[in-house]
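Each chain gets a letter, A, B and so on, in the order its sequence line appears, and its residues count up from 1. Keep in mind that the numbers below use all heavy atoms, side chains included, and drop hydrogens, waters and symmetry copies. Given the structure is predicted, the values throughout are model-derived calculations rather than measurements.
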Amino acid sequence: MNEKNININGEITPPDKKNIFFKSVVGFLRKNWIGFTLLAALFAIIFILEQVLSSSSMLFVVLKKGAIYALVAVSMNLLNGFTGLFSLGQAGFMLIGAYTYAIFTIPAEARTAVYQYFDGGIINFTVPVPIALIMAGLAAALFAYLVGLPVLRLKSDYLAIATLGFAEIIRAFFQWDKLGPVTNGSNLLRRFPVFSSTLYPFIVSGICIAIIVLLINSSYGRAFKAIRDDEVAAEAMGINLARHKQLSFTVSSFFAGVGGALLAMYQTTVQAAAFKSAMTYEILLIVVIGGIGSVTGSCLSSFLFIASSEWWLRFLDSETYIGSFKLPLLASGFRKVVFSIIIMVVVLFYSRGIMGTNEISVDALLRFFRKLFRKDSKGEAA
Amino acid sequence: MEFLNTNLPYILAGISVGGQYALIAIGYTMVYGILRLINFAHGDIFMVAGFAMVYLSASLPLYISIPMTIIITVVLGFAVERMAYRPLRTAPRMSIMISAIGVSYLLQNCAWYITSGLAKQYPTIPWISESISIGTATTKIVTVITPVLTLVLVIALVILIKYTKIGMAMRAMAKDFETSRLMGVKINSVISFTFIIGSFLAAIGSLLYFTNYATVTPIAGAMPGLKAFVAAVFGGIGSIPGAVIGAFIIGICENVIKMFGWTTFSDAFTFALLIIILVAKPTGLFGEKSTDKV
Amino acid sequence: MMENILHTEKITMQFGGVVALYNLTIDVNKGEIVALIGPNGAGKTTAFNCITGVYEPTNGSVSFCGETIVSNHPQGRMKKLYLGEEDKEKLRVIRPTPDKITKLGIARTFQNIRLFKSLTVFENVLVAKHMRAKQNVLTATLRLNWREEKRAREESLALLEEQGLLQYKDDLASSLPYGLQRRLEISRALATEPKLLLLDEPAAGMNPQETQELAEFIVKIKNKYDLTVLMIEHHMDLVMQISDRIYVLDFGKLIAHGTPGEVQKNQRVIDAYLGVADDA
């Protein structure tokens, strides 16, 4: 077998390519101007809201955390929804991302205080935040690559349990006191740079999700979907299963790592103990509610999920009196019960989630409104 | 001898916890054998059994509260299957697994709500909580009882599966679900029965496990559940003797690791073992290989 | 002198103690249409799976255009269980994954249609173009491979048009009627730019008229794409009409081989088929 002609070589750049590429970018912008306008409007609104509302408003909590979870959910969807690999390792990769980010950005002067039990740690340099974010992704991706080598050969539920296992191993590893000079053992990492503006997670997540969408809509994305639909047929179409699964797994973990880093920034502290399998389950449920195989569904459901769990259902947690009558059931923890019942209802009765495998797009919205409008005008005519 | 004397408690604890894992693992392995479903909620059913005992024994004498606990657990296992898995019988396997994760989430949150997230003291069951000395080691009687009881229950179960009609139906379904259905096996009742047996054993397991550990928390079921599942995979999922042997191996290894002072890694080790076995021999020690027809 | 394109050398496929295929040696020459027939369970699809790398044969080798692409000898547990012919010299082990074989130029269809159900007709064909495009994940994500992508799209559209599937381009593959699904599966296989096409019961479930159309279709694509065809088929009309040569399998063994006329007269073939009530 000749290995040479099987390798996929990088494309050789022809001289006139830049120009044509530029033209195609302009064309792309022109075609999608409504979308970009809406996006710009969204950013403007968030910016204005930040000026108007108090920064402690729940809205910002939801927006920040929602944006971060949206990224992680989309990265999980790439794997579970688009490639059909049921992996439950997301929390582990987020943990790697969060730690990588924190370890390399804690300012030198704060290290003695943070690593108080480990003589200030052994890493005594810092890197700029954007580079640290990319490093977070790369660290997670590298680890995913290594994990993927043995694990991705496994079938559906075995894969799920093996990745879950790896996430647990990672968690134990980061808490190991022998690694304390790097990870601070089971103690908190803190005092690394964080963000204050809601726009920050929006922009970072937005860029990452855009890249994932580009990947999904590329030739590789089609190959992933082919693998999801039928592995045997995909192989018969010349798709190298091992390589493509590995690719999807690594890319997904890269973005989970970035998501983890953002989560660290949001929380301002990092502790390995927090990245339990329950976190992966939560993300999985977000993906399911949004629709397995729908990027916009995942985004939408992250915000809904975070909003309901952190904000809208909060009242269920506090004992409430109407006059002297105490409302029954309302007590600490009830919110989560109601919440899990809602989730079960979605899982059992709306298993396609909010969006199924459909996407919200500008075109779809326009079509929807046109249809609505036409119906109305017909109604009037009759 | 010196080595044995210092380490006997760990090994005894390993055998004991292995027996408790075995009782949970059987529930996993039987359900997986028939439905090809990792019942993520099984560990939480085990946890609920623990709380049921805590609350029941507060007001009732033990000879009532123990059977009641078992009944509640069995009913819960039955109800979970009925409500969360049966409607998805024809859905893709991933949906059922997600449903199982959802049930697990629900049970944990309910437990948290009821207990306000506080750890509860497990009631002392007389006799089995008493201390006993074996050689130089002092331990509770439950440590010694567990492996014996486990083996008795497993043998009873194996006999049930081998020689009764419903056992035959279970084996048939594990081999070929669709054909069994066509042959007139009442699949729904067999599946319910499987969950009932699994929950029954989980309830017994919880009595033994929590007597040993003394407190119950809402997430107390997660880790033993996962480990029991690992045990089931280790022994070859679908195989009951495999699950039992796997559980004992895992229980002992875990405690040996603790013996060497690597407590941080006792959980991680279990998973490392899982991954090694999955990669080296995906069918586990006693599992059967299945091939997809192309 | 005819150019040999596919040659299997004593392939034996054994599942545990069951021998599904015993010492199968077949030859397919360039430009031929060769049929592989035999009663159900004779090992025809197993032969396909061995050739395309889905199964590793227990023993034997496959060569394609003179190059050995698959070869194996009994190993591990199989050493003891092996029931095939004892081979003095151990064959080198070559066990490629199916995608590599497809890349070399062998495409196949499946007995039970295996389309990508959630993809559109167009995407189904595009997927087959993925492997030949010069691209990597970065260039693909950033659309720097737009030339390749454009070419793939154009070629796929041309293929669909030619197969009369263009009007269904944006429909889900699973929504097509059965006959068209078969045709799409063949189109998809063609999109991988094969030299040898393996068809696994292409006429299954078709009525006589559709079968006749299929016969013409196979001959047409064979000529047009300069293909060689190896097919498994139960519809004897189709087999007798278009194949140049026929191999007959029964219980994993080759029992006859020759031109349609020769095979029809062969007593062993008649015996093998008489045990079966119907030809399907």
- Identify which of A:Arg153, A:Arg335, A:Gln175, A:Glu168 forms the greatest number of heavy-atom pairs closer than 4.5 Å to chain B.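 Of the candidates given, the most pairs with chain B belong to A:Glu168.
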Between A:Val147, A:Ile161, A:Ile341, A:Val288, which residue shows the highest count of heavy-atom pairs closer than 4.5 Å to chain B?
->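 So the answer, after comparing A:Val147, A:Ile161, A:Ile341, A:Val288, is A:Ile161.
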How long is the gap from [atom1] on [X] to [atom2] on [Y], to the nearest 0.5 Å?
X        : Y        : atom1 : atom2 : answer
A:Lys336 : B:Tyr113 : NZ    : OH    : 15.5 Å
B:Phe269 : A:Ile169 : CZ    : CD1   : 10.0 Å
A:Phe339 : B:Leu106 : CZ    : CG    : 12.0 Å

Using non-hydrogen atoms and a 4.5 Å limit, figure out which bit of [X] sits close to chain A: side chain, backbone, both or neither.
X        : value
B:Leu226 : side chain
B:Ala84  : both
B:Val279 : both

For [X], look at atom [atom1] and say whether over 12 heavy atoms of other residues, nucleotides or ligands are found less than 6.0 Å away.
X        : atom1 : result
B:Met83  : CE    : no
B:Arg82  : CZ    : no
B:Phe177 : CZ    : yes

**Report entry** Residues from residues 273-283 of chain A approaching chain B under 4.5 Å (heavy atoms)
**Finding:**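 Against chain B, the residues of residues 273-283 of chain A that fall inside the cut-off (heavy atoms, under 4.5 Å) are A:Tyr281, A:Glu282.
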Of the backbone (N, CA, C, O) and the side chain (C-beta and beyond), which part of [X] lies under 4.5 Å from a heavy atom of chain B, both, or neither?
X        : value
A:Ala233 : neither
A:Ile292 : side chain
A:Phe173 : both
A:Leu348 : both

_Please output the residues of residues 97-105 of chain B in contact with chain A, using a heavy-atom cutoff of under 4.5 Å, in numerical order._
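Within residues 97-105 of chain B, the residues that come under 4.5 Å of chain A (heavy atoms only) are B:Met97, B:Ile98, B:Ser99, B:Ile101, B:Gly102, B:Val103, B:Tyr105.
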Would you say that A:Tyr158 contacts B:Ile237 through its side chain, given a criterion of any heavy-atom pair below 4.5 Å between the two side chains?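 Yes. Closest side-chain heavy atoms under 4.5 Å.
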### Message
I need the full list of side chain to side chain donor-acceptor pair (under 3.5 Å) pairs touching residues 340-350 of chain A, with sequence neighbours left out, sorted by first then second residue.
### Response
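Those involving residues 340-350 of chain A are A:Ser340-B:Asn109.
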For residues 34-43 of chain B, tabulate all N or O donor-acceptor pairs below 3.5 Å that involve a side-chain atom, not counting sequence neighbours.
{"residue": "B:Arg36", "atom": "NH1", "partner": "B:Tyr32", "partner atom": "O", "Å": "3.1"}
{"residue": "B:Arg36", "atom": "NH1", "partner": "B:Gly33", "partner atom": "O", "Å": "2.6"}
{"residue": "B:Arg36", "atom": "NH2", "partner": "B:Ala174", "partner atom": "O", "Å": "3.3"}
{"residue": "B:Asn39", "atom": "OD1", "partner": "B:Ala41", "partner atom": "N", "Å": "3.3"}
{"residue": "B:Asn39", "atom": "OD1", "partner": "B:Tyr85", "partner atom": "OH", "Å": "2.6"}
{"residue": "B:His42", "atom": "NE2", "partner": "B:Ile24", "partner atom": "O", "Å": "3.2"}

Please test B:Leu278 against A:Val151 for side chain to side chain contact (heavy atoms under 4.5 Å, CB included), starting from the C-alpha separation and ending with a verdict. CA-CA 8 Å; B:Leu278 281 182; A:Val151 163; over 6 Å; no
